[in-house]
Amino acid sequence: MSIADNLKQVLAELPQGVQLVAVSKFHPNEAIEEAYQAGQRIFGESKVQEMTAKYESLPKDIEWHFIGHLQTNKIKYMIPYVAMIHGIDSYKLLAEVNKQAVKAGRTVNCLLQIHVAQEETKFGFSPKECKEMLNAGEWKELTHVRICGLMGMASNTNCIEQINREFCSLNRLFNEIKETWFTHSDTFCELSMGMSYDYHEAIAAGSTLVRVGSKIFGERNY
Ligand SMILES: *Cc1c(COP(=O)(O)O)cnc(C)c1O
C-alpha cells in the first residue's frame with residue numbers, strides 16, 4: 001500500500017468533525033509530498049528543527065502542528081508559522097509561547113496536554129494541576145495565545161478497556177473545563193487524542209483531532 005492509499009483509508013474512517021494530523025516526524029519531504037498530493041494539509045512534527053526545515057522547503061499552505069515536548073529555547077523558531085502547539089504542559093511554557101508570539105505579532109493556537117495514561121513517562125498536566133492553573137487566572141492576561149482545547153495520550157497497552165477509560169476521562173475533563181472556564185468562547189473546541197493504534201477508540205470517546213503517523217507513513221527508523 002502506498003502512502004496515498006493509507007491516507008485515504010484513514011480519512012474514510014473519520015466521521016464529520018474529526019480532522020487528521022498526519023504525523024510525518026522522521027519521514028522525508030518526499031513522503032509528505034505524496035500525502036500532500038493526495039490532499040492532506042495538516043502535518044504533525046515533534047522536533048522544532050526538523051519541522052522548520054520541512055516548513056521552509058514544502059508548500060506554504062501546509063498547516064504545521066507541533067506535537068512534541070516543548071523546549072523553551074526552541075519555541076521562537078516555530079512561532080512565525082506554527083498552526084497549533086499540542087504539548088503545553090506548564091503555565092511557564094504557555095507564558096513563553098505568548099512572549100514569543102507578541103514579538104512575532106501573531107496569536108498562536110495551543111492545546112493543554114493532560115497526563116491520563118498510567119505510565120510515568122508521559123508528559124502533561126495532571127487534571128488537578130491543569131484546573132489549578134486555570135483557576136489561578138494569570139493565563140487570561142496572555143493576549144497572544146489561544147487555548148483551543150486539550151491533548152492527551154492513552155497508555156501503550158493492549159487493554160482496550162483501559163484505553164477507553166483514559167480517553168473517556170479526558171473527554172469528561174474537556175467538558176468540565178469548557179463549562180467552567182470557556183463557556184463564552186468558541187475557540188475551546190479541540191480534543192486531540194488518538195494515534196495509529198487507538199484512534200478508533202479515541203473517536204468513539206469524542207476526539208476532534210487524531211494524530212496518525214505509522215499507519216500512514218510506515219514504521220519510523222529511530
Ligand atoms: C509520534 C506521535 C504520534 C503518532 O504516532 P503513531 O503511532 O505513529 O501514529 C502521535 N502523537 C504524538 C504525541 C506522537 O509523538
Side-chain angles (χ1 to χ4, degrees), residues 1-14 18-28 31-32 34-35 38 40-52 54 62-71 74-75 78 82-90 93 97 109-126 130 148-160 162-163 166-167 170-171 174 190-222:
M1 291 268 280
S2 68
I3 289 173
D5 288 336
N6 295 339
L7 177 75
K8 280 176 198 149
Q9 202 178 62
V10 173
L11 286 173
E13 293 171 322
L14 303 187
V18 180
Q19 283 193 298
L20 170 67
V21 179
V23 177
S24 48
K25 62 187 184 192
F26 306 108
H27 291 285
I32 298 176
E34 190 177 338
Q40 182 64 21
R41 291 295 179 273
I42 306 177
F43 292 90
E45 291 283 336
S46 61
K47 297 271 184 283
V48 172
Q49 211 172 356
E50 181 180 348
M51 182 168 77
T52 302
K54 287 171 171 173
I62 289 179
E63 280 185 37
W64 294 100
H65 284 222
F66 187 75
I67 62 168
H69 185 62
L70 279 171
Q71 287 170 284
K74 304 246 173 85
I75 290 173
M78 65 172 153
V82 71
M84 187 168 275
I85 298 177
H86 288 231
I88 302 289
D89 65 358
S90 70
L93 278 176
V97 170
N109 296 325
C110 293
L111 300 178
L112 305 176
Q113 183 171 356
I114 309 294
H115 179 109
V116 287
Q118 265 170 6
E119 290 130 60
E120 290 292 330
T121 54
K122 300 264 158 69
F123 296 107
F125 287 100
S126 71
C130 185
C148 296
L150 304 182
M151 178 270 210
M153 274 182 260
S155 295
N156 185 9
T157 170
N158 290 326
C159 179
I160 300 281
Q162 185 178 348
I163 291 172
E166 291 170 356
F167 284 149
L170 194 54
N171 188 11
F174 173 85
E190 301 291 356
L191 185 50
S192 167
M193 57 187 196
M195 305 170 39
S196 289
Y197 295 103
D198 58 18
Y199 67 95
H200 295 106
E201 287 76 19
I203 290 168
S207 173
T208 65
L209 275 178
V210 291
R211 309 177 308 269
V212 179
S214 43
K215 175 116 195 226
I216 296 168
F217 295 106
E219 293 303 321
R220 292 175 290 271
N221 309 305
Y222 61 92

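Just so you know, ligand 1 is whichever comes first in the structure, and atom 1 is the first atom listed for that ligand. Along the sequence shown, the residues carry numbers beginning at 1.
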If we only count N/O pairs under 3.5 Å, is [X] in contact with ligand 1?
X      : value
Ser46  : no
Tyr197 : no
Lys215 : no
Gly213 : yes

Contacts of His200 meeting side chain to side chain donor-acceptor pair (under 3.5 Å) (sequence neighbours excluded), chain-then-number -> Glu13
| task | Look at atom 14 (C) of ligand 1 and find which of Lys25, Arg211, Met195 reaches it with the closest heavy atom. | result |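 When every heavy atom of Lys25, Arg211, Met195 is considered, Lys25 comes closest to atom 14 (C) of ligand 1.
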Just by distance, do the side chain of [X] and the backbone of [Y] share a donor-acceptor pair under 3.5 Å?
X      : Y      : value
Asn109 : Met84  : no
Ser90  : Leu93  : yes
His65  : Ile67  : no
Ser207 : Met193 : yes

Under 4.0 Å from one or more heavy atoms of Val212, ligand 1 contributes atoms 9 (O)
Of all the atoms in ligand 1, which lie at a distance below 4.0 Å from a heavy atom belonging to Met153?
->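 Going through ligand 1 atom by atom, the ones under 4.0 Å from Met153 are 13 (C).
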Taking only residues two or more places apart in sequence or in another chain, which ones pass salt bridge (Lys or Arg N to Asp or Glu O under 4.0 Å) with Glu50?
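Expected list: Lys54.
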With heavy atoms only and a cut-off of under 4.0 Å, state how Met151 meets ligand 1: side chain, backbone, both or neither.
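The side chain, only.
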